[in-house]
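To keep things clear, I will list the structure first and then write my remarks on it.
The chains referred to below are lettered A, B, ... by the order of the sequence lines, with proteins before strands, and numbering in each begins at 1. These numbers were taken from a predicted model, which means no experiment stands behind them.
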2 protein chains.
Amino acid sequence: VYEVKDLKKTYQIGDVKTDALRGVNLTINEGEFTAIAGPSGSGKSTLLHLIGGLDKPSSGEIYLNGKRIDQLDKKDGAAVRLSTLGFVFQAYNLIPVLTALENAAFVLELQGVSKKDREAKALAALKTLEMDELKDRRPNQLSGGQQQRVAVARALAANPKVILADEPTANLDSETGQRLIHYMKKLNQEQGVTFVFSTHDPRLLEHVSRIVRIEDGKVTGEEQPKPM
Amino acid sequence: VYEVKDLKKTYQIGDVKTDALRGVNLTINEGEFTAIAGPSGSGKSTLLHLIGGLDKPSSGEIYLNGKRIDQLDKKDGAAVRLSTLGFVFQAYNLIPVLTALENAAFVLELQGVSKKDREAKALAALKTLEMDELKDRRPNQLSGGQQQRVAVARALAANPKVILADEPTANLDSETGQRLIHYMKKLNQEQGVTFVFSTHDPRLLEHVSRIVRIEDGKVTGEEQPKPM
Ligand SMILES: Nc1ncnc2c1ncn2[C@@H]1O[C@H](COP(=O)(O)OP(=O)(O)OP(=O)(O)O)[C@@H](O)[C@H]1O
Ligand SMILES: Nc1ncnc2c1ncn2[C@@H]1O[C@H](COP(=O)(O)OP(=O)(O)OP(=O)(O)O)[C@@H](O)[C@H]1O
Ligand SMILES: [Mg+2]
Ligand SMILES: [Mg+2]
């Protein structure tokens with residue numbers, strides 16, 4: 001699914017350069033349930049944003065299903081993302097004026113799905129996350145963990161083949177988090193959806209088949225806690 | 001420190017009422033290191049915001065150091081908060097145009113502390129959270145966990161006697177989270193600072209002296225995992 005070669009990302013602030021990623025090499029195969037783990041500031045979100053086509057690297061190459069995606073223009077990059085990927089943001093990025101249902105349906109709307117169909121699919125995704133009763137709430141009328149679940153529902157609603165999730169359980173209590181993890185694992189095992197998480201959550205790390213360790217912008221090693 | 005009597009909070013959306021808190025009774029004594037724990041949506045943030053004077057209850061009474069604070073007007077409420085409380089928000093609420101240092105110094109600025117003094121105190125708070133090197137960054141130039149630490153630094157910088165922290169370790173990896181927990185515990189044991197956390201983090205729950213369980217807007221019980 002993903003081939004990442006010598007990926008680098010440097011931010012420039014005034015005359016100070018920050019090397020967020022210093023040469024990451026990574027392969028993600030179809031059907032993986034893999035976590036990127038590492039300290040705060042180590043580059044996890046940066047890596048996910050780059051492979052998600054949401055930002056351009058400073059150098060290096062990213063291939064998604066054999067196609068090079070790191071140098072696509074805005075329009076082509078958006079088309080690839082829309083058809084293949086689901087993204088859950090660390091800060092959710094919900095639209096304040098839309099309801100939970102409309103936020104969850106947002107990707108489907110961009111894909112041109114009819115209102116009737118997209119609201120049915122969005123409602124089903126919200127239902128899985130126990131958020132269907134709150135479908136008419138705006139984000140500022142929801143708790144932190146409820147907002148997080150709407151962000152996850154949005155990524156799931158369009159049934160993408162690959163889901164990139166940045167800290168998807170950070171604001172969830174143990175039980176709600178466990179139910180989410182079990183649901184994602186089910187999607188992975190039954191429908192072959194590929195998952196790449198960035199996470200600190202030990203309860204999620206218990207369930208992944210592969211953990212890629214990252215520190216200071218470089219991959220430092222990996223573990224396979226469970227066979228696939 | 002806190003006396004909370006039959007606290008209720010109902011939100012009205014159109015003609016639908018949501019009872020976020022249904023009659024909470026709680027006492028917090030000076031020097032406690034206490035967690036409010038419960039499922040997503042159970043009322044933890046609502047409770048913290050009410051005792052933090054950031055919102056008014058629908059009914060019930062809140063006493064802070066013997067003084068009733070739930071019906072204060074905006075100006076008096078702000079004065080109490082400023083002199084006594086530190087607050088860490090679940091969504092951080094950092095100011096996008098200010099640097100990490102300026103954000104951390106914000107409460108001190110509201111208190112009228114001189115620029116020289118407040119920047120020294122804010123820098124010391126950032127240093128404790130290993131964020132001093134990033135003091136000139138704006139929030140959107142920081143990782144999720146780095147933003148969270150600036151939010152904590154802001155609450156610590158003014159040396160309040162009571163700190164209310166809503167999910168302060170949600171976006172921190174194990175080690176960074178542990179160092180923050182140890183620092184807060186040190187402040188508690190050496191300076192008698194009272195801490196009330198809302199948290200799901202089992203690593204933080206391990207360290208608190210008292211856990212108040214909340215479910216569906218009501219306190220359902222409590223535990224004392226460690227003697228004080
Ligand atoms: N402005 C609002 N209007 C309507 N309902 C609200 C509003 N704000 C919060 N709620 C509801 O009040 C309840 C309690 O919310 P609160 O934010 O206190 O939960 P929480 O325990 O902090 O959850 P989490 O662990 O997810 O952060 C939730 O069911 C939430 O949907
Ligand atoms: N716009 C930016 N300008 C400068 N530096 C940045 C910018 N965005 C991120 N960084 C830096 O790049 C590094 C990696 O950030 P990233 O968000 O990928 O970390 P992370 O592993 O996701 O951290 P966390 O666990 O705290 O979410 C950090 O040191 C961060 O300060
Ligand atoms: Mg991150
Ligand atoms: Mg909350």
Give a yes or no on this: more than 12 heavy atoms of other residues, nucleotides or ligands lie within 6.0 Å of atom [atom1] of [X].
X	atom1	answer
K121(B)	NZ	no
E223(A)	CD	yes
Q71(B)	CD	yes
Q12(A)	CD	yes
K127(A)	NZ	no

Is [X] close to chain B through its backbone or its side chain, or both, or neither, when contacts mean heavy atoms under 4.5 Å?
X	result
S45(A)	neither
R138(A)	neither
T199(A)	neither
Q148(A)	neither

Problem - Contact summary for S40(B) and S143(A), nearest pair of heavy atoms - result: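 Between these two residues, the closest heavy atoms are OG-OG, 3.6 Å.
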
Exercise for the section: State, to 0.1 Å, how close R203(B) and H200(A) come at their nearest heavy-atom pair, and which atoms those are. Expected result: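 That would be NH1-O, 4.4 Å.
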
Could you tell me which of [options] has the largest number of non-hydrogen atom pairs under 4.5 Å with chain B?
options	answer
D136(A), D201(A), D173(A)	D173(A)
D166(A), T176(A), L172(A)	L172(A)
Q147(A), Q141(A), E175(A)	Q141(A)

Practice task
Quick one: pull up OG1 in T18(A) and CG in L134(B) and give me the separation to the nearest 0.5 Å.
Solution key: 7.5 Å

Problem - Verdict with supporting geometry, N171(A) and E167(B), side-chain hydrogen bond (donor to acceptor under 3.5 Å, both in side chains) - result: CA-CA 8 Å; N171(A) 277 287; E167(B) 306 283 351; over 6 Å; no

